[in-house]
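Below is one structure, written out as structure tokens; comments come after it.
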There are 2 protein chains.
Amino acid sequence: MVPVGKIVLYGVGLMNGSLGLALRARSFAGEVVGCGRREESLRQALERGAIDRYSLDPADALDGADVVVVGTPVDRVAGTVAELADHSPARCVFTDVGSVKASIVAACAVRAPQARFVGSHPIAGSEKAGVGAARESLFQGSTCVVTTSPDADAWALVCALWEFVGCRVVEMSPEAHDELLAASSHLPHIAAAALVHVVAGTEADARRALDFVGQGFRDTTRIASGSPDVWTSIVTHNAAPLVRLIRGLADELQRIADAVTAQDHDLIHAWLASAREARESLSP
Amino acid sequence: MVPVGKIVLYGVGLMNGSLGLALRARSFAGEVVGCGRREESLRQALERGAIDRYSLDPADALDGADVVVVGTPVDRVAGTVAELADHSPARCVFTDVGSVKASIVAACAVRAPQARFVGSHPIAGSEKAGVGAARESLFQGSTCVVTTSPDADAWALVCALWEFVGCRVVEMSPEAHDELLAASSHLPHIAAAALVHVVAGTEADARRALDFVGQGFRDTTRIASGSPDVWTSIVTHNAAPLVRLIRGLADELQRIADAVTAQDHDLIHAWLASAREARESLSP
């Protein structure tokens with residue numbers, strides 16, 4: 001259980017909406033209050049049962065709050081924490097759900113040094129956005145990274161929150177998180193979008209390659225339907241690790257193109273076989 | 001319906017197995033005979049009802065055959081047609097199911113000039129191989145490319161076969177087919193395998209990126225589980241168009257890496273938005 005009386009969800013979209021539904025489904029004993037700028041999202045969250053009530057006024061919403069989960073795009077997390085910290089009790093613990101961590105943790109330390117902020121990234125999601133796509137099972141069985149913090153009590157509280165809704169919590173430095181997620185999440189997104197661009201631009205005899213795709217292409221590019229707003233924030237906030245990996249992928253492609261040009265069957269076969277082996281080490 | 005009495009399926013794996021099941025499900029009136037080198041596959045095809053009988057002896061299997069569908073990997077199609085043509089009636093029409101067309105059509109013209117060969121590529125499949133993965137609905141609603149042929153009767157017969165099992169037939173030159181499929185199918189396969197290699201090689205703080213992947217990475221790389229044998233044949237037989245596209249994808253990635261490095265939010269946003277638009281023009 002989570003030993004707190006009042007949780008505020010600031011910005012109730014897919015992630016915070018799902019968190020609210022999960023808290024309710026698991027009979028969280030305290031109060032869950034929505035806050036944010038867009039009343040329409042908050043009203044929808046209330047109708048779906050993701051929050052007990054909402055307020056557009058941070059001072060009202062955060063009065064007596066124990067935990068605030070900031071669900072804004074990553075480029076607005078630190079600014080939001082800085083703004084909200086003035087309205088919350090000193091004991092209040094802040095966390096977020098952003099897909100990058102180093103820039104957010106650093107910016108919170110500078111812009112809201114008084115706030116007890118601990119970074120979170122529940123690794124769960126959907127190419128769909130908004131509270132309409134929220135579901136109570138989103139976090140069940142998923143991994144949540146909670147970044148290392150000197151504030152042991154705040155850290156334990158954030159971990160308890162995510163474990164309560166079904167996550168396996170992993171502690172990591174913000175930098176290690178960004179390095180790993182650049183590979184496991186941000187690079188696949190860029191790769192899918194790049195593939196769509198190349199394939200959409202291919203024509204032969206006035207027929208478009210896009211009209212001849214099978215299930216393979218559909219699966220490979222599904223995440224390219226993600227929100228451009230959300231993903232522009234993510235990739236620009238994790239530029240250094242991501243750029244290194246994008247260039248690494250480009251190099252890997254040039255190497256296999258060289259092997260295909262050379263008709264090096266053995267190398268191509270070994271390369272495909274080891275990719276299959278690594279892929280099959282994952283669950284489907 | 002298909003106006004023939006006897007169809008031979010040579011090499012009964014996923015594609016020919018599914019073809020046999022579809023012929024049966026649609027009450028094909030003639031006989032469907034399996035042939036090939038691996039008796040185990042043929043016996044399994046018989047047990048699954050994909051063929052009426054089988055023979056390991058091509059002379060026996062092809063006696064009186066009207067159509068032979070060669071289901072071998074692409075590097076063995078022309079050799080198989082050359083071998084089987086000696087055992088078949090002169091009227092017999094040959095086709096295949098291979099994912100490349102120019103090299104196969106050219107090789108058949110050289111190695112089996114007496115055979116009435118028309119190239120086919122039903123664009124349907126699975127990352128699973130073998131007759132065990134065959135299903136009668138595999139071709140339902142899919143596109144089948146049948147390559148242009150001067151033999152109008154043979155061409156019409158091959159089209160009738162694929163339409164009978166639910167395909168929409170599209171005529172194309174072998175070269176146009178290879179250009180389009182390099183983009184829509186072969187490039188996504190290479191991109192998925194390259195992505196697996198880069199991500200599997202990423203570690204931070206002794207944690208592997210592969211342990212932190214979400215559904216996005218799983219979808220994006222599902223096809224990397226395809227058979228290395230099958231795909232080595234495909235990529236080496238479609239080298240010229242594929243290499244051009246692989247290098248084009250590498251260039252596209254370098255361009256977006258430059259934009260991320262430059263923190264060019266507008267360019268990144270526009271690039272992600274147009275990828276999403278193109279992706280969403282497809283059905284899911």
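We name chains A, B, ... by the order of the sequence lines, and we start the count at 1 in each one.
Residues B:Ile246 and A:Ala257 share a closest heavy-atom pair of CG2-CB, 3.8 Å. For the pair A:Ser184 and B:Val199, the tightest heavy-atom approach, listed with the atom from each and the gap, is CA-CG1, 4.3 Å. Pairing each heavy atom of A:Arg247 with each of B:Thr261, the nearest pair is NH2-OG1, 3.7 Å. Nearest heavy atoms, A:Leu249 versus B:Val198: CA-CG2, 3.8 Å. The two residues B:Ala194 and A:Leu253 have their closest heavy-atom pair at CB-CD2, 3.8 Å. Taking all atoms of both residues into account, the shortest heavy-atom contact from A:Ala273 to B:Pro228 is CA-CG, 3.6 Å.
Residue A:Asp258 touches chain B through both its backbone and its side chain, counting heavy-atom pairs closer than 4.5 Å. At a 4.5 Å heavy-atom cutoff, A:Asp178 makes no contact with chain B through either its backbone or its side chain. Only the side chain of A:His189 comes within contact range of chain B, with heavy atoms under 4.5 Å apart. In this structure, chain B has a heavy atom under 4.5 Å from the side chain of A:Val196, while its backbone stays farther away. Heavy-atom distances place no part of A:Ser185 under 4.5 Å from chain B, backbone and side chain included. Only the side chain of A:Ala200 comes within contact range of chain B, with at least one heavy atom under 4.5 Å from a heavy atom of that chain. Residue contact with chain B, scored on non-hydrogen atoms closer than 4.5 Å, involves the backbone of A:Glu203 exclusively.
Taking A:Val213, A:Asp211, A:Asn238 one by one and counting their heavy-atom pairs under 4.5 Å with chain B, the maximum is reached by A:Val213. Comparing A:Asp205, A:Thr202, A:Thr221, A:Val235 by how many heavy-atom pairs each has under 4.5 Å with chain B, the most go to A:Thr221. The candidate with the highest count of non-hydrogen atom pairs below 4.5 Å against chain B, out of A:Ile190, A:Thr143, A:Ile123, is A:Ile190.
Residues satisfying the ring-ring contact (aromatic ring centres under 6.0 Å, His included) test with A:Phe212, not counting sequence neighbours, are none. Contacts of A:His197 classified as ring-ring contact (aromatic ring centres under 6.0 Å, His included), with partners at least two apart in sequence or in another chain: B:Trp271.
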- Task: For the pair B:Arg207 and A:Leu180, evaluate side-chain contact (heavy atoms from CB on, under 4.5 Å) and give the outcome as yes or no after the intermediate values.
- Result: CA-CA 8 Å; B:Arg207 289 195 176 93; A:Leu180 285 176; 3.7 Å; yes

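Judged purely by distance below 3.5 Å, without hydrogens or angles, the side chains of A:Arg279 and B:Ser225 never pair a donor atom with an acceptor atom.
The CD1 atom of B:Ile223 lies 14.0 Å from the CZ atom of A:Arg276; values are rounded to the nearest 0.5 Å.
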